[in-house]
Amino acid sequence: MMRYALARIIGLVPTLFLLVTAAFFVIRLAPGGPFDEEHTILPEVRANLEAAYGLDAPLTTQYLRYVSGLLRGDLGPSFKHKDLTVSELLAGGLPVSAALGAAALVLALVFGVPLGLYTALHRAGAVDHGASMLTALAIALPAFVLGPVLALVFGLWLRWLPAAGWEGGALRYAVLPVITLATPVLAYVVRLTRTGLLEVLGSDYIRAARARGLGSRRVVLVHTLRPALMPLVSWLGPAVAFVLTGSLVVETVFGIPGAGRFLVEGALNRDYTLVMGMIVVYGVITLVCNLAADLGYGWLDPRIRRH
Amino acid sequence: MAGSILASVGTELPRHRAALAAAILFVALCLLALFAPLLTPHAPGAIDLAQVAAPPGTAGGHWWGSDRLGRDVFARTMQGLRVSLLIGFVAALVSVVIGTIWGAVAGYAGGRLGAVMMRFVDILYALPYVFLVIILATLFERGNVPVLLAAIVSVGWLTTARIVRGQTLALRRREFIEAARAMGVPTARILWRHILPNVAGPVIAYATLTVPQMILYESFLSFLGLGVQEPLASLGSLVSEGARDMETAPWLLLAPAACLTLLTLALNVLGDGLRDVLDPRTGT
């Protein structure tokens, strides 16, 4: 298992390298540059600006410079946010995005797993039917619809909660964004837990256990819980990517100062280093979470663990 | 094969009541979008200065109200619905064709080539799709529909490729494929005549699920301002516009939001139902 884990961790390096390389050159294919909007600047000033940021060098040189900076943990200066480095910008936004995403994931798991187990144990009951309708609706509802509608109803009409803002993550401000982000995740958690448990409950060894007299629901649940939750564990990796995407929208809808906006803003402004920084950081987060989910899955499944 | 797919859908889907209701809702939405111009005297871009930001009602024939420029909300929402449907269907079709070919070739070839092809899919799968989509969408000038389609297709084909590859791997070892190979049938013909018809069921089911996914991706980009541009509108750009004015004119948000939700809900439920009927792995 340790060797397997180590091999998988080393395997991340080429993937990341490919990602950085592909992203670096694809971004440069786009027409325009970071200093395009400043129409009034003299050609000489522009040349000086480009020289100062190293943009006058051949693309391959720039690429090598970027990668060597990256290896030293330097994400470079931002082209648009003068006087700030990409690391400083991300350090301001990432904790906010992370808090938002983590709160949504925890909320989804805390409510989703018990609900999924309950619906599986009371299959075709009233709660099961209701939950299956609600999860279908929650999955169909994109964050950019749910967010504004929640803000309209609870923020502007009922005035129970603020419709936008963050205020350092104060609970009143966090409720609507976290619910918006958590809703589709919660729906997936319910579905995965439900089908996971149903599948295990129908398997031979559970039927054998039942035949031997282990009839009570509680005993069955003790034997089934671990295998039943495995599909959910392997989904948690992709779930992080899903939450990162969702937080992009939620931050826009509720005006939250997270890191998500840097991706769109950076891409539109041709702020090359900012976009690259976002891709590197979010890429590492997703790849590591995917790997962690895979390893967790292997650890939970003794058939994989032994190899 | 096509006949048997139709037959199983025809006999089993009606028993799936939720999927049947979803199918009816979907057809109703399509008909509404298509015949909307007959239902309202207003053109989607026409400006009615006598009725600016009018709430829903009978004033000026704007049942769903009008926006800040005096444009009819019903006519604009229906235009957005048509654009979203069109983009969703075209993107899903292209995605499914690419994914099927990629998956069938990777599964049938196997070995190194197959492994490399699927590793590529895995890498794209592991990344948040926004990277790809946003970068592609910003590569060219905004509102370029072919680029928009390319951006959402670039992530849309992945699931189909995985499913088709899994099915093809299993089929490859079956006797009738080996027999065809032994008789010297060319690979392309085996893929076309033997593999493709056998993966058609799950592919159709997942294609139905790809359409709402593509509609949502497009709406997501339009919401961020990277998708279709004025005067053209999709449901996503209308939601984005409506969210800005929701304090004074909530109907601008609620009309496209409701249409988008009903549309994706109908397609998701229909796709789930078709998958239950057509995908052998879900055990029917």
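FYI, side chains are in, hydrogens and waters are out, and symmetry mates aren't considered; it's all heavy atoms of this structure. The sequence lines fix the lettering, A, B, ..., with proteins before strands; numbering per chain opens at 1.
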Looking only at Thr264(B), Leu235(B), Leu262(B), most heavy-atom pairs under 4.5 Å shared with chain A are made by Thr264(B)
Tell me if the CD atom of Glu199(A) is crowded by more than 12 foreign heavy atoms within 6.0 Å.
no
Side chain to side chain contact (heavy atoms under 4.5 Å, CB included) filter on Leu158(B), not counting sequence neighbours, yields Val121(B), Leu124(B), Tyr125(B)
Note: Pro142(A) and Leu260(B) closest approach over all heavy atoms is CG-CD2, 4.0 Å
Are the side chains of Pro250(B) and Trp157(A) in contact, using a 4.5 Å heavy-atom criterion? yes
Cut-off 4.5 Å, heavy atoms of chain A, and the answer for Leu254(B) is side chain
The residue among Asp272(B), Asn268(B), Val269(B) that forms side chain to side chain contact (heavy atoms under 4.5 Å, CB included) with Ile139(A) is Asn268(B)
(message) Are Ser240(B) and Phe144(A) packed together at the side-chain level, in the sense that at least one heavy-atom pair is separated by less than 4.5 angstrom?
(response) no
Between the CZ atom in Phe223(B) and the CG atom in Leu248(A), the distance rounded to the nearest 0.5 Å is 9.5 Å
If one checks every heavy atom of Leu156(A) against chain B at 4.5 Å, the contacting part turns out to be side chain
Looking only at Ser219(B), Pro256(B), Ala18(B), most heavy-atom pairs under 4.5 Å shared with chain A are made by Ser219(B)
> Above 12 or not: heavy atoms from other molecules or residues under 6.0 Å from CZ of Phe17(A)?
Replying inline: no
If one checks every heavy atom of Met278(A) against chain B at 4.5 Å, the contacting part turns out to be backbone
When the 4.5 angstrom heavy-atom criterion is applied to Leu253(B) and chain A, the contacting part is side chain
In terms of heavy-atom contacts, Leu141(A) and Thr261(B) come closest through CD2-OG1, 3.5 Å
One pair to check against side chain to side chain contact (heavy atoms under 4.5 Å, CB included): Met246(B) and Val149(A). What are the steps and the verdict?
CA-CA 9 Å; Met246(B) 68 182 179; Val149(A) 170; over 6 Å; no
Whatever's closer than 4.5 Å to a heavy atom in chain B on Ile285(A) counts as neither
query = For Arg123(A), does the CZ atom have more than 12 heavy-atom neighbours from other residues, nucleotides or ligands under 6.0 Å away?
reply = no
